[in-house]
Amino acid sequence: MESKIINLGIFGFGCVGQGLYEVLNRTKGINARIKKICIKDPNKARPIDMSYFTTDKNEILEDPSIDVVVELINETEAAFEIVSTALRNGKAVVSASKRMIAEHLPALYQLQVDNKVPFLYEASSCASIPIIRNLEEYYDNDLLNAVEGICNGSTNYILTKIFEEGLSFETALQQAQDKGFAETDPTLDIEGYDPKFKIVILLLHAFGTFVRPEEVFNFGIHHLNDFDIQFARQRDSTIKLIGNCRRQNGSVFAYVLPHLIKEHNLLYDVYNEYNGILLESAFTDKQFFVGKGAGGTATGSAVLSDISALLYNYRYEYKKIKQSNQPAFTNDVQLKVYLRYRTPDQVDLTAFYNISEKYESPTYRYVVGVINLQKLKESNWLQHKDVNLLVLE
């Protein structure tokens, strides 16, 4: 493709679509132009000329002059239909839809193989951090032990405002929404679903392991209260929502949970809408990546990077899938946690292997102890608003 201009057909023109338009027009040296943008609402005011827009998806999917389909919509099944149709039609595809990708990874992988066309989705995982390409090109599966970190800029922004400026959860969330870092309905962010979809994608590129999203336990920051914040401050710590996938004893486990982070941890100083990813390998120990994890231009720049890579016929090789030592997924792992609750009937403390600390007051109780991740996943404790969990270092 490097010898000609790439014609782009874009689906969606929200925050990321507009961010892509901005960075594409400010970047020199990338031979790509937008030919058509498919939208749902033709009557909505747009910041660019209306001649770009259509409501007919086939104007993009069936146009032989469009080389690359860029999928940036929020509807999971509609996004999958667009991407799968484009791949079957022999078009390269770039996407930022982490939920759609996580829920359809095996099918999307097979579509690339069958149709011999590339599907790139760097923007789906950590916005401006090029983590997928690093996992694909640099880290051999035998050497990589863990991928963990902050991969949701919205919740990191909220937690930064709580701990650095003393804002309430509600005020910090509203600020995140006002800045475009969080959706009007913030459920996927604050309950840990968004970073879970990203971890499912990273599991494949880190270890070659396909995992369904429902297999990965996630719990967010939506139950966080002043008692938990004080607990963290008394221990000279902060709280970060962490996605973790790690090899252990020939298997790999993963989860998304809030962590108590001490100052020596590299993730401690990742603030506001930034993401931070730690990679651990056998010979290089830890390597640390940090970059903006929310916002239209940050994500748009990752989309543009994928478009640029297509100029040089880049595609994911999925080398680790083809190796013979993919680790099986498990939730059979022990975690040291802080569990806060209000009344004894809300939790079953017999599920803990051991309890090293216990506290009771007229308003709240907590224990610190070791528990199996699978037992935690199967319990219904965290459905109670008065129950919260933090993983301890």
Side-chain angles (χ1 to χ4, degrees), residues 145-152 155 159 190-193 195-196 198-200 202-203 206-207 209 211-224 227-229 231-232 234-235 237-262 264-268 276-280 286 327-341 346-359 364-384 386-393:
N145 294 325
V147 180
E148 68 171 349
I150 300 162
C151 50
N152 182 270
T155 52
L159 290 168
I190 65 172
E191 294 190 11
Y193 289 96
K196 174 169 77 169
K198 296 170 181 177
I199 286 295
V200 167
L202 294 181
L203 269 166
F207 301 108
T209 304
V211 180
R212 298 188 309 274
E214 57 268 25
E215 295 180 82
V216 178
F217 183 52
N218 65 286
F219 181 73
I221 62 171
H222 50 305
H223 288 184
L224 188 70
F227 188 89
D228 308 319
I229 294 165
F231 177 87
Q234 286 174 346
R235 285 153 178 78
S237 300
T238 190
I239 295 171
K240 302 288 188 182
L241 185 62
I242 302 296
N244 192 349
C245 51
R246 184 174 295 269
R247 182 198 297 274
Q248 181 173 286
N249 300 325
S251 300
V252 64
F253 68 87
Y255 61 77
V256 174
L257 295 169
H259 279 228
L260 199 72
I261 300 293
K262 295 185 180 295
H264 66 80
N265 193 312
L266 289 169
L267 297 171
Y268 184 94
I277 298 294
L278 276 167
L279 303 183
E280 293 182 20
K286 291 184 179 180
F329 182 76
T330 183
N331 280 310
D332 185 15
V333 61
Q334 316 310 322
L335 300 178
K336 184 180 181 182
V337 303
Y338 152 96
L339 185 72
R340 183 259 298 161
Y341 55 101
Q346 293 173 332
V347 299
D348 176 14
L349 299 184
T350 64
F352 279 79
Y353 281 97
N354 62 67
I355 292 174
S356 57
E357 186 178 342
K358 185 179 284 190
Y359 171 87
Y364 287 108
R365 307 161 187 246
Y366 76 78
V367 295
V368 172
V370 175
I371 191 168
N372 186 278
L373 178 60
Q374 183 61 33
K375 283 192 175 183
L376 197 58
K377 186 175 185 292
E378 292 170 354
S379 75
N380 61 1
W381 309 338
L382 295 171
Q383 295 175 14
H384 295 284
D386 291 328
V387 179
N388 194 35
L389 177 83
L390 301 173
V391 177
L392 307 185
E393 293 183 305

**Student:** Are L260 and Y338 side-chain neighbours, meaning at least one heavy-atom pair lies under 4.5 Å?
**Tutor:** no
**Student:** Would you compute the distance between atom CG of D228 and atom CD1 of I221 and round it to the nearest 0.5 angstrom?
**Tutor:** 11.5 Å
**Student:** For a quick test of reading the model, state the closest non-hydrogen atom pair linking A206 to V147 and the distance between them.
**Tutor:** CB-CG2, 3.8 Å
**Student:** Which donor-acceptor pairs under 3.5 Å do side chains of residues 376-384 form with protein atoms, sequence neighbours excluded?
**Tutor:**
from, atom 1, to, atom 2, distance (Å)
K377, NZ, E214, O, 3.2
E378, OE2, Q374, NE2, 2.7
S379, OG, L376, O, 2.9

**Student:** Does I242 offer a backbone N or O that forms a donor-acceptor pair with the side chain of H259 under 3.5 Å?
**Tutor:** no
**Student:** Can you see which heavy atom on N152 is nearest to which on P195, and at what distance?
**Tutor:** ND2-CD, 3.9 Å
**Student:** What I'd like to find out is whether the side chain of I261 reaches to under 4.5 Å of the side chain of I239, using heavy atoms alone.
**Tutor:** no
**Student:** Could you grab the distance from atom CZ of R235 to atom CG of L390, nearest 0.5 Å is fine?
**Tutor:** 10.0 Å
**Student:** Return the orientation label for the Y359 and Y366 ring planes: parallel under 30°, perpendicular over 60°, tilted otherwise.
**Tutor:** parallel
**Student:** Treating K196 as the side-chain partner and P213 as the backbone partner, does any N or O pair qualify as donor plus acceptor under 3.5 Å?
**Tutor:** yes
**Student:** Just checking, any donor-acceptor pair under 3.5 angstrom between side chains of T350 and D348?
**Tutor:** yes
**Student:** Less than 4.5 Å apart, any side-chain heavy atom of L349 and any of I355?
**Tutor:** yes
**Student:** Given side chain to side chain contact (heavy atoms under 4.5 Å, CB included), test V387 with V347 step by step and report yes or no.
**Tutor:** CA-CA 8 Å; V387 179; V347 299; 4.3 Å; yes
**Student:** Check whether the side chains of E393 and N265 place a donor and an acceptor atom closer than 3.5 Å, and report yes or no.
**Tutor:** yes
**Student:** What I'd like to find out is whether the side chain of V252 reaches to under 4.5 Å of the side chain of T330, using heavy atoms alone.
**Tutor:** no
**Student:** Atom NZ of K240 and atom CD of E148: how far apart are they, to the nearest 0.5 Å?
**Tutor:** 14.0 Å
**Student:** Return the set of residues passing salt bridge (Lys or Arg N to Asp or Glu O under 4.0 Å) with D386 (not counting sequence neighbours), or none when no residue passes.
**Tutor:** R342
**Student:** Let's go through R246 and E280 carefully: what are the C-alpha distance in whole Å and the side-chain angles of both, what is the deciding distance for side chain to side chain contact (heavy atoms under 4.5 Å, CB included) to 0.1 Å, and is it a yes or a no?
**Tutor:** CA-CA 9 Å; R246 184 174 295 269; E280 293 182 20; 3.2 Å; yes
**Student:** Between F253 and C245, does the side chain to side chain contact (heavy atoms under 4.5 Å, CB included) criterion hold? Intermediate values first, please.
**Tutor:** CA-CA 6 Å; F253 68 87; C245 51; over 6 Å; no
**Student:** Measure across A254 and I199 and return the closest heavy-atom pair with its distance rounded to 0.1 Å.
**Tutor:** CB-CG2, 3.8 Å
**Student:** Keeping S251 on the side-chain end and P327 on the backbone end, is there a donor-acceptor pair under 3.5 Å?
**Tutor:** no
**Student:** Decide yes or no for L373 and D332: does some side-chain heavy atom of the first lie under 4.5 Å from some side-chain heavy atom of the second?
**Tutor:** no
**Student:** Restricting to non-hydrogen atoms, name the atom on F231 and the atom on L392 that form the minimum distance, rounded to 0.1 Å.
**Tutor:** CE2-CD2, 4.4 Å
**Student:** L389 versus L257: any side-chain heavy-atom pair under 4.5 Å?
**Tutor:** yes
**Student:** Calculate, to the nearest 0.5 Å, the distance between atoms CG and CD belonging to N354 and Q334 respectively.
**Tutor:** 9.5 Å
**Student:** Return the NZ to CG distance between K358 and L339, rounded to the nearest 0.5 Å.
**Tutor:** 11.5 Å
**Student:** Which pair of heavy atoms, one from S237 and one from K262, lies closest together, and at what distance?
**Tutor:** OG-CG, 3.5 Å
**Student:** So do the side chains of V368 and K336 get within less than 4.5 Å of each other, counting heavy atoms only?
**Tutor:** yes
**Student:** Salt bridge check, R340 against E357: does any charged N sit closer than 4.0 Å to a carboxylate O?
**Tutor:** no
**Student:** Show, in sequence, the C-alpha distance, side-chain angles and deciding distance for V256 and L241, and conclude whether the side chain to side chain contact (heavy atoms under 4.5 Å, CB included) test is met.
**Tutor:** CA-CA 7 Å; V256 174; L241 185 62; 4.0 Å; yes
**Student:** Which heavy atom of G276 sits nearest a heavy atom of L267, and at what distance?
**Tutor:** O-CD2, 3.4 Å
**Student:** Are any of the side-chain heavy atoms of Y255 and L335 separated by less than 4.5 Å?
**Tutor:** yes
**Student:** Using 0.5 Å steps for rounding, measure from the CZ atom of F219 to the OH atom of Y193.
**Tutor:** 10.0 Å
